[in-house]
Amino acid sequence: MSVNSSNNLLDRMGIWASSLCALHCLLLPILIPLIPYIGASFVAQDWFERSILTTSMIIGFWALLSGFYRYHRQIYPLYSLVLGGLIYWNKDMFGEAYEPFTIAVGALLIIAAHIINFKLCRSCQQCAH
């Protein structure tokens, strides 16, 4: 597997992990009434949500730092990742009524960081040889 394709895999994993995390948080209000029936109360726990987000951020840092050091030397995708992670981590900063909106903004910033990194790595002129 080439270095560029392994970095693309990391970005794709990061996009999927962030998307699944956002989907989990946005669908949770629909699933809460079903939790007793399916015996999956752990899904609504704060530690579970933080674990998913932490995994997403670890993959994100790995992918973005790899792209930064090996290919493009652009730091702004990392800013988007960190900002999105902070917003997502503090999803209740505006209250429960705005939590889905806050989650969506944080997740979109994380996903945007991966997409930007992916495009920067693909457009790297040094790697075309």
Side-chain angles (χ1 to χ4, degrees):
M1 180 183 293
S2 73
V3 177
N4 199 10
S5 66
S6 67
N7 198 55
N8 289 343
L9 176 65
L10 287 174
D11 281 322
R12 290 173 198 256
M13 285 174 45
I15 291 168
W16 274 102
S18 301
S19 299
L20 289 175
C21 193
L23 192 62
H24 164 265
C25 290
L26 293 174
L27 291 179
L28 194 59
I30 297 168
L31 297 175
I32 285 178
L34 301 175
I35 286 174
Y37 296 114
I38 60 175
S41 61
F42 70 93
V43 175
Q45 299 296 322
D46 195 40
W47 66 267
F48 184 74
E49 293 179 359
R50 304 274 179 168
S51 298
I52 294 172
L53 178 59
T54 301
T55 302
S56 175
M57 294 300 292
I58 289 170
I59 292 170
F61 277 113
W62 189 6
L64 272 60
L65 289 175
S66 175
F68 174 80
Y69 285 115
R70 293 182 181 166
Y71 305 113
H72 53 73
R73 299 281 187 211
Q74 300 294 324
I75 195 75
Y76 62 91
L78 197 58
Y79 293 151
S80 179
L81 177 77
V82 171
L83 182 61
L86 287 173
I87 290 171
Y88 207 129
W89 189 270
N90 299 301
K91 64 182 185 255
D92 57 352
M93 69 178 124
F94 299 118
E96 285 186 33
Y98 294 103
E99 195 171 302
F101 176 73
T102 308
I103 289 169
V105 169
L108 287 174
L109 284 169
I110 294 170
I111 292 168
H114 284 288
I115 292 171
I116 292 167
N117 187 57
F118 183 74
K119 288 183 178 186
L120 285 171
C121 288
R122 289 186 65 195
S123 67
C124 178
Q125 296 301 317
Q126 296 173 344
C127 306
H129 303 299

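Small disclaimer: the values here were computed from a predicted structure and weren't measured. Positions are given from 1, in the same order as the sequence printed here.
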Self-check item: Residues that Thr55 engages under side chain to side chain contact (heavy atoms under 4.5 Å, CB included), provided they are two or more places apart
Solution: Ile59

Quiz prompt | Tyr76 with Tyr69, same ILVMFWY side-chain cluster at under 4.5 Å | solution = yes

Quiz item: How many angstroms lie between atom CG of Leu109 and atom NE2 of His114, to the nearest 0.5 angstrom?
Solution: 11.5 Å

Quiz item: How about Phe118 and Arg12: do any of their side-chain heavy atoms sit closer than 4.5 Å?
Solution: yes

Quiz item: Is a side-chain N or O of Asn90 found less than 3.5 angstrom from the main chain of Leu86, in a donor-acceptor match?
Solution: yes

Practice problem: Say whether Tyr79 and Leu120 are linked into one hydrophobic cluster, either directly or through other cluster members, by side-chain heavy-atom distances under 4.5 angstrom. | Solution: yes

Exercise. Could you tell me which residues satisfy side chain to side chain contact (heavy atoms under 4.5 Å, CB included) with Thr102, sequence neighbours excluded, listed by chain and number?
Key: Ile87, Met93, Phe94, Tyr98

Quiz item: Looking only at heavy atoms, what is the nearest atom pair of Cys121 and Gly67, with distance?
Solution: SG-CA, 3.7 Å

Exercise. State, with a plain yes or no, whether a side-chain heavy atom of Phe68 is found less than 4.5 Å away from one of Gln74.
Key: no

Quiz prompt | For Ile115, side chain to side chain contact (heavy atoms under 4.5 Å, CB included) partners two or more places apart | solution = Ile15, Ile111, Lys119

Quiz prompt | Check: Ser56 side chain, Ile52 main-chain N or O, donor-acceptor pair, under 3.5 Å | solution = no

Self-check item: Whichever hydrophobic residues join Leu108 through chains of side-chain contacts under 4.5 Å
Solution: none

Quiz item: With sequence neighbours left out, what residues match Met57 under side chain to side chain contact (heavy atoms under 4.5 Å, CB included)?
Solution: Leu53, Phe61, Leu81, Ile110

Quiz prompt | Common cluster, Trp16/Ile116, ILVMFWY with side-chain heavy-atom separation under 4.5 Å | solution = no

Self-check item: Smallest separation among heavy atoms of Leu64 and Ala113, with atom names
Solution: CD2-CB, 3.9 Å

